[in-house]
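For reference, the structure discussed in these notes is given below.
Starting from 1, each residue takes its place in the sequence as its number. Just so you know, ligand 1 is whichever comes first in the structure, and atom 1 is the first atom listed for that ligand.
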Amino acid sequence: IAMAGVAGRLARRWCRSAVRSPLQVISFPSLQLHLSGTAMRASQEDFESAMNQVKLLKKDPGNEVKLRLYALYKQATEGPCNMPKPGVFDFINKAKWDAWNALGSLPKETARQNYVDLVSSLTASSESSSQVKPGADREQQEYENLVVTSEDGITKIMFNRPTRKNAISTQMYQEIMLALKAASKDDSTITVVTGNGDYYCSGNDLANFTDIPPGGVEEKAKQSAIMLRDFVGTFIDFPKPLVAVVNGPAVGISVTILGLFDAVYASDRATFHTPFSHLGLSPEGCASYTFPKIMGPAKATEMLIFGKKLTAGEACAQGLVTEVFPDSTFQKEVWTRLKAYSKLPPNSMRISKQVIRNTEKEKLHAVNAEESSVLQERWLSDECINATMNFLSKKAKL
Ligand SMILES: CCCCCCCCCCC/C=C/C(=O)SCCNC(=O)CCNC(=O)[C@H](O)C(C)(C)COP(=O)(O)OP(=O)(O)OC[C@H]1O[C@@H](n2cnc3c(N)ncnc32)[C@H](O)[C@@H]1OP(=O)(O)O
């Protein structure tokens, strides 16, 4: 009995680390795969895409499921079990071996598909349990870096890392995607994104560059490009009116994705800064397409290539911002207006958004894929590595 208790504890500990370990991390499949399930073959990209997400499951799926995930992962990547059978007292490795060996000669492609499907089903249940309940006026507790509330027909997603100027960590990218997917299905008519504290958002958390998986920096860049593509894709596909309430300075990706919002209200304290060249980077968030369209190529060049920081007034004059409010009355004025808008017929608003945006969607997805793949290379460049090191070693700020 004592041995069984120890084995159970060891197995639980192993399963926890197995799910967190980058090798066993799997991401949510694309929406397409959600819809078509096993009818489609999961691509290598979908399989890899899954790797970013399994750690975000809200509920522990239990040891049995974790062992199945492990077995499918090994089968998909290495084929049939090729390890010597562990000794009878090597409880953890024996459990892993049994799970993998039980898959026999299941083809790699089928294992990959089953793996993606399994994560899909886990994700779907995790999403539905984190969905905002109809009419709820309550804060969701599940997010570490966001505060999500739903009230008066408005779901508010607030970046909540004020001590880091709301920089977006890897975990936060995933949480934002989850919150947007939940908001797209809840009862609210409008979704608002805003920031807590003095900043709206300082863009990508540069510490994301330090969390290198066992596969090395190339593997990290590859995973990050997939994550970025999924992140921006969630904004492209968001079905309801999406409004940014820009409470303070905005940097990097928090600025570029504004081109995918339906309205942008800014405090006169806000600034808009995309210093990609300073960081050895290139534009993302579809800004390479939306910014020249919104403000004309010449103004877009100043922002995206020369890194010119715009005041809220300038961003408004160039069409990136809908309206600017004095900081002292910003929150009151904006929320009064949004509450009035939220009472408009929801279906009409969704359909109008579709009519306005749908013709562009395919193009936006193509731009997003291209930008993400260019960045995958940029992140490995000396220019980018040096700029990031300079910031992290406190030698440089924007
Ligand atoms: C191998 C490949 C891996 C790639 C992974 C990438 C994944 C997807 C990427 C998507 C592409 C996105 C691109 C961008 O967003 S580019 C923009 C990136 N942002 C920055 O460069 C901003 C850096 N921050 C600053 O320059 C200043 O902090 C800022 C001007 C914003 C504010 O200055 P201020 O003096 O007012 O405040 P502090 O600097 O004291 O800030 C307080 C603390 O917060 C930390 N901080 C702020 N911003 C960030 C950030 N973006 N990343 C990490 N940390 C940040 C800051 O260091 C302070 O910390 P300490 O209190 O510990 O000193």
Side-chain angles (χ1 to χ4, degrees), residues 22 27 49 51-52 145 159-177 195-235 246-260 269-288 291 303-305 307-309 367-398:
S27 84
S49 175
M51 300 217 308
N52 286 322
N145 306 293
F159 305 140
N160 191 31
R161 292 181 84 209
T163 56
R164 318 300 294 171
K165 309 290 182 193
N166 296 325
I168 309 179
S169 62
T170 305
Q171 157 117 358
M172 197 164 151
Y173 282 108
Q174 308 291 354
E175 290 189 356
I176 295 168
M177 286 189 261
N196 186 17
D198 60 341
Y199 257 66
Y200 173 67
C201 174
S202 63
N204 182 49
D205 187 328
L206 296 175
N208 289 338
F209 284 86
T210 59
D211 175 23
I212 303 300
V217 71
E218 283 85 5
E219 180 58 28
K220 172 78 182 186
K222 195 169 158 196
Q223 286 176 9
S224 301
I226 292 168
M227 181 188 73
L228 175 63
R229 193 203 56 199
D230 290 350
F231 178 76
V232 175
T234 310
F235 285 87
V246 186
N247 53 298
V251 183
I253 190 164
S254 71
V255 177
T256 54
I257 51 169
L258 291 177
L260 302 172
R269 247 181 10 86
T271 50
F272 298 82
H273 196 189
T274 49
F276 298 127
S277 301
H278 299 72
L279 294 166
L281 294 173
S282 53
E284 80 297 286
C286 293
S288 62
F291 278 28
M303 278 195 86
L304 296 176
I305 303 183
K308 181 181 178 194
K309 190 197 287 185
V367 169
N368 180 26
E370 173 65 11
E371 287 177 345
S372 304
S373 119
V374 170
L375 270 172
Q376 184 177 332
E377 299 291 319
R378 282 277 87 211
W379 290 324
L380 303 175
S381 69
D382 286 349
E383 288 179 346
C384 174
I385 292 166
N386 290 340
T388 306
M389 293 308 292
N390 281 341
F391 175 78
L392 293 173
S393 60
K394 311 262 179 226
K395 283 196 208 131
K397 265 187 204 182
L398 293 174

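- When only interatomic distances are considered, the shortest N/O to N/O separation between L206 and ligand 1 falls below 3.5 Å.
- For atom 36 (O) of ligand 1, the closest non-hydrogen atom of the protein is K165 CE, 3.6 Å.
- Protein heavy atom at the shortest distance from atom 19 (N) of ligand 1 is S202 O, 2.9 Å.
- Short contacts between ligand 1 and L228, defined as distances under 4.0 Å to a heavy atom of the residue, involve ligand atoms 10 (C).
- Close approach of ligand 1 to L279 is summarised as follows: ligand atoms under 4.0 Å from at least one heavy atom of the residue are 16 (S), 17 (C), 18 (C), 21 (O).
- Shortest contact from atom 13 (C) of ligand 1 to any protein heavy atom: E284 OE1, 3.4 Å.
- Closest to atom 54 (N) of ligand 1 by heavy atom, among W379, F209, F391, F231, is F391.
- T274 pairs in a side chain to side chain contact (heavy atoms under 4.5 Å, CB included) with only one of the listed residues (T256, I305, L281), which is T256.
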Legend entry - Stepwise side-chain contact (heavy atoms from CB on, under 4.5 Å) test for R229 and I226: CA-CA 5 Å; R229 193 203 56 199; I226 292 168; 4.1 Å; yes
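- Of the polar atoms of I253, at least one N or O is found under 3.5 Å from an N or O of ligand 1, judged by distance alone.
- In terms of protein heavy atoms, atom 1 (C) of ligand 1 is closest to K220 CG, 3.6 Å.
- For the pair S169 and N208, the tightest heavy-atom approach, listed with the atom from each and the gap, is CA-OD1, 3.5 Å.
- For the atom pair SG of C201 and CG of N196, the computed distance is 12.5 Å after rounding to the nearest 0.5 Å.
- Looking at V217 and F209, their side chains never come closer than 4.5 Å, going by heavy atoms from C-beta outward.
- In this structure, atom 6 (C) of ligand 1 lies nearest to the protein heavy atom N204 ND2, 3.6 Å.
- Put simply, CG on L206 and CD1 on I168 are 11.5 Å apart, with the number rounded to the nearest 0.5 Å.
- Ligand 1 places these atoms under 4.0 Å from at least one heavy atom of Y173: 8 (C), 9 (C), 10 (C).
- Atoms of ligand 1 lying under 4.0 Å from any heavy atom of G203, numbered from 1 in the order shown and given with element: 15 (O).
- Of all protein heavy atoms, the one lying nearest to atom 38 (P) of ligand 1 is K397 NZ, 3.5 Å.
- Both the backbone and the side chain of R164 come within contact range of ligand 1, each with a heavy atom under 4.0 Å.
- For atom 63 (O) of ligand 1, the closest heavy atom belonging to the protein is K394 NZ, 2.7 Å.
- For ligand 1, the polar-atom distance check against S224 finds no nitrogen or oxygen pair separated by under 3.5 Å.
- In this structure, N145 contributes its side chain and R161 its backbone to no donor-acceptor pair below 3.5 Å.
- Atoms of ligand 1 lying under 4.0 Å from any heavy atom of Y199, numbered from 1 in the order shown and given with element: 29 (C), 30 (C), 31 (C), 32 (C).
- By the 4.5 Å heavy-atom criterion applied to side chains, M303 and V255 are counted as neighbours.
- In this structure, atom 58 (C) of ligand 1 has no protein heavy-atom contact shorter than 4.0 Å.
- Remark: side-chain polar atoms of N166 are paired, donor with acceptor, to backbone N or O of Y200 under 3.5 angstrom.
- Rounding to the nearest 0.5 Å gives a distance of 11.5 Å between SG of C286 and CZ of F235.
- Within ligand 1, counting atoms from 1 as listed, the ones closer than 4.0 Å to a heavy atom of A167 are 49 (C), 50 (C), 51 (N), 52 (N).
- Between the side chain of E219 and the backbone N or O of P213, no donor-acceptor pair lies under 3.5 Å.
- N368 places no side-chain N or O within 3.5 Å of a backbone atom of G285 that could act as its donor or acceptor partner.
- With R378 contributing its side chain and G280 its backbone, the two residues share a donor-acceptor pair below 3.5 Å.
- Remark: minimum distance from atom 53 (C) of ligand 1 to any protein heavy atom is reached at D205 OD1, 3.1 Å.
- Contact atoms of ligand 1 toward T163: 42 (C), 43 (C), 44 (O) (distance under 4.0 Å to a heavy atom of the residue).
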